[in-house]
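Inspection log for the structure reproduced underneath, given as structure tokens.
Quick note: numbers below take in every heavy atom, side chains included, and nothing from hydrogens, waters or symmetry partners. Order of the sequence lines sets the chain letters (A, B, ...), proteins ahead of strands, with each chain counted from 1.
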There are 2 protein chains.
Amino acid sequence: MSTSPSTVPPGPDAAGIGRRLRALREERGLSLSLVARRAGIGKATLSGLESGTRNPTLETLWAVTAQLGVPLTAVITGAGGGATVRGTAVAATLLEVFTEAGASYELYRMVVPPGTTQTSPAHHAGVTEHVTVFAGVLRAGPLDAPLVAAAGEHISWCSDVPHGYASIGADEVRATLLIRYPRG
Amino acid sequence: MSTSPSTVPPGPDAAGIGRRLRALREERGLSLSLVARRAGIGKATLSGLESGTRNPTLETLWAVTAQLGVPLTAVITGAGGGATVRGTAVAATLLEVFTEAGASYELYRMVVPPGTTQTSPAHHAGVTEHVTVFAGVLRAGPLDAPLVAAAGEHISWCSDVPHGYASIGADEVRATLLIRYPRG
DNA sequence: CCCGGCCGTTCCGTTTACGGAACGATGTCA
DNA sequence: TGACATCGTTCCGTAAACGGAACGGCCGGG
């Protein structure tokens with residue numbers, strides 16, 4: 001369309017925001033017209049917003065996300081940085097830390113490029129890892145007894161032994177990784 | 001315009017965003033003029049932004065936060081509400097939305113007070129839910145075949161049938177809830 | 001003292017994101 | 001088959017967010 005994607009003037013990812021908005025709307029089975037009307041904005045505005053051809057004001061974006069029942073941050077994540085840990089294969093972004101009476105938890109967003117493998121030394125006793133795969137196929141777990149999960153599946157293991165992560169097939173693996181550290 | 005004094009028209013908390021921007025700038029010992037110049041925006045814009053009297057576009061806000069070295073989400077979190085969905089028993093806060101080729105995912109932080117129960121109607125076909133429990137004991141899943149998970153455990157089920165969530169025992173249940181919506 | 005520089009705010013003309021209306025496409029029913 | 005509703009996109013006048021310039025206030029140096 002208008003701008004060649006080669007030289008993107010750095011800025012918020014309007015196209016990505018548009019894609020997320022459209023996905024959220026369609027998940028809910030709502031029409032563009034209906035959402036625009038409920039949000040009190042013009043159809044033209046929402047149309048241009050979803051196609052990524054506008055640079056919305058906060059107020060406009062808020063009206064839409066509120067109508068879809070998601071926080072503003074749900075559509076603009078990916079813009080800006082969080083703490084990202086990079087290994088030989090795995091890139092993990094810390095989303096949140098939960099501290100409970102008996103244990104603490106770290107929740108990561110994880111990406112494993114196709115055809116790559118990474119191994120990790122044993123953690124402390126009792127540490128467990130829980131992975132839910134979004135896309136691709138992941139083999140992970142103890143090196144001597146790995147598990148496999150495809151999109152939509154979940155695996156977990158005790159990581160107090162050497163363990164690893166590997167993508168299987170041609171697709172990048174995307175997943176959440178939850179690590180549980182028992183108190184002590 | 002400015003005045004709508006009694007009832008604040010629901011929207012992003014412009015005043016709060018302005019306060020956070022100004023705080024971030026002053027923490028760094030930078031002048032308004034300097035930040036505006038570096039961000040490539042007018043001083044008038046930044047001034048109005050910090051005082052909460054403007055409704056910035058995403059691009060403008062991004063230019064400023066990028067210059068301050070923080071993600072966009074750093075200034076808008078808590079603005080207009082982190083969307084928390086409350087049911088009869090479950091309080092769920094949406095942490096993030098992941099959109100993939102074949103499906104999209106919503107990741108929630110979930111709390112179930114002791115001794116409470118909630119049921120949910122069936123979702124669309126193919127929707128699955130994945131729960132990892134941090135604290136307490138949770139019984140959840142299809143009403144006719146519920147599953148049980150204690151701290152550190154994970155359960156998942158197909159939620160295209162009526163399903164429910166209930167805390168067991170005296171402790172509040174804390175968990176993450178990941179809902180998968182297949183495309184189509 | 002006066003001057004030059006920088007501060008943050010206000011004024012103002014320009015740019016652009018906004019919503020309403022018109023449009024072609026598609027689906028449903030008599 | 002035509003009448004009608006609703007879909008999402010495009011056109012266009014208007015409202016408002018934008019950047020530049022001017023303003024008063026505050027310092028430090030000559």
Side-chain angles (χ1 to χ4, degrees), chain A residues 1-3 8-68 72 75-76 79, chain B residues 1-4 8-68 72 75-76 79-80 183-184:
Chain A
M1 265 287 117
S2 49
T3 42
V8 179
D13 178 18
I17 292 174
R19 271 190 290 103
R20 270 165 245 143
L21 283 177
R22 178 154 295 184
L24 286 167
R25 177 173 63 79
E26 294 183 341
E27 273 165 30
R28 290 160 174 69
L30 303 173
S31 74
L32 185 150
S33 305
L34 180 65
V35 172
R37 194 175 334 124
R38 286 190 185 167
I41 69 174
K43 295 198 292 179
T45 302
L46 183 52
S47 177
L49 229 176
E50 289 191 351
S51 63
T53 59
R54 289 224 190 175
N55 169 27
T57 62
L58 263 193
E59 192 172 3
T60 300
L61 196 54
W62 184 91
V64 178
T65 55
Q67 196 42 240
L68 294 172
L72 259 176
V75 295
I76 61 181
Chain B
M1 73 153 58
S2 53
T3 43
S4 156
V8 177
D13 177 17
I17 292 174
R19 270 188 287 102
R20 269 165 247 144
L21 283 177
R22 179 155 292 184
L24 286 167
R25 177 173 64 79
E26 294 182 341
E27 277 169 23
R28 291 161 174 68
L30 304 173
S31 75
L32 185 150
S33 305
L34 180 65
V35 171
R37 194 174 336 125
R38 285 189 186 168
I41 69 174
K43 294 198 294 179
T45 302
L46 183 52
S47 176
L49 228 177
E50 289 190 352
S51 64
T53 59
R54 288 223 190 177
N55 168 27
T57 63
L58 263 194
E59 193 173 2
T60 301
L61 196 55
W62 183 90
V64 178
T65 55
Q67 198 41 240
L68 295 173
L72 255 177
V75 295
I76 60 181
R183 184 76 24 163

Listed partners of A:R28 passing salt bridge (charged side-chain N to carboxylate O under 4.0 Å, His left out), at least two apart: B:E106

Under-4.0 Å side-chain N/O to phosphate OP1/OP2 contact, B:S31 with C:dC7: yes

Reading 5' to 3' through nucleotides 11-29 of chain C, protein heavy-atom contacts under 4.0 Å coded B for base, S for sugar-phosphate only, - for none: B-----SBBB---------

Rounded distance (Å) that lies between atom C1' of D:dC18 and atom CH2 of B:W62: 18 Å

OP1 or OP2 of D:dC7 under 4.0 Å from side-chain N/O of A:R25: no

Nearest non-hydrogen partners of B:N55 and A:L58, listed with the distance: OD1-N, 3.6 Å

B:S47 vs C:dT9: side-chain N/O to OP1/OP2 distance below 4.0 Å: yes

A:D13 to A:R20 - nearest heavy-atom pair and separation: OD2-NH2, 3.9 Å

Report, one line per pair, each donor and acceptor closer than 3.5 Å where one atom sits in a side chain of residues 34-52 of chain B; sequence neighbours left out.
from	atom 1	to	atom 2	distance (Å)
B:E50	OE1	B:R22	NE	2.6
B:E50	OE1	B:R22	NH2	2.9
B:E50	OE1	B:R25	NH2	3.0
B:E50	OE2	B:R25	NE	2.7
B:S51	OG	B:S47	O	3.2
B:S51	OG	B:G48	O	3.1
B:S51	OG	B:T53	OG1	3.2

Closest-nucleotide ordering on DNA chain C, the 5'-leading residue of B:G48 and B:L34: B:L34

B:L30 CG - C:dC7 P separation (whole Å): 10 Å

B:T65: side-chain hydrogen bond (donor to acceptor under 3.5 Å, both in side chains) partners, not counting sequence neighbours: none

A:L32 side chain, from C-beta outward: closest of C:dC7, D:dT9, D:dC7: D:dT9

Check: A:L68 and A:V75 side chains under 4.5 Å, non-hydrogen atoms: no

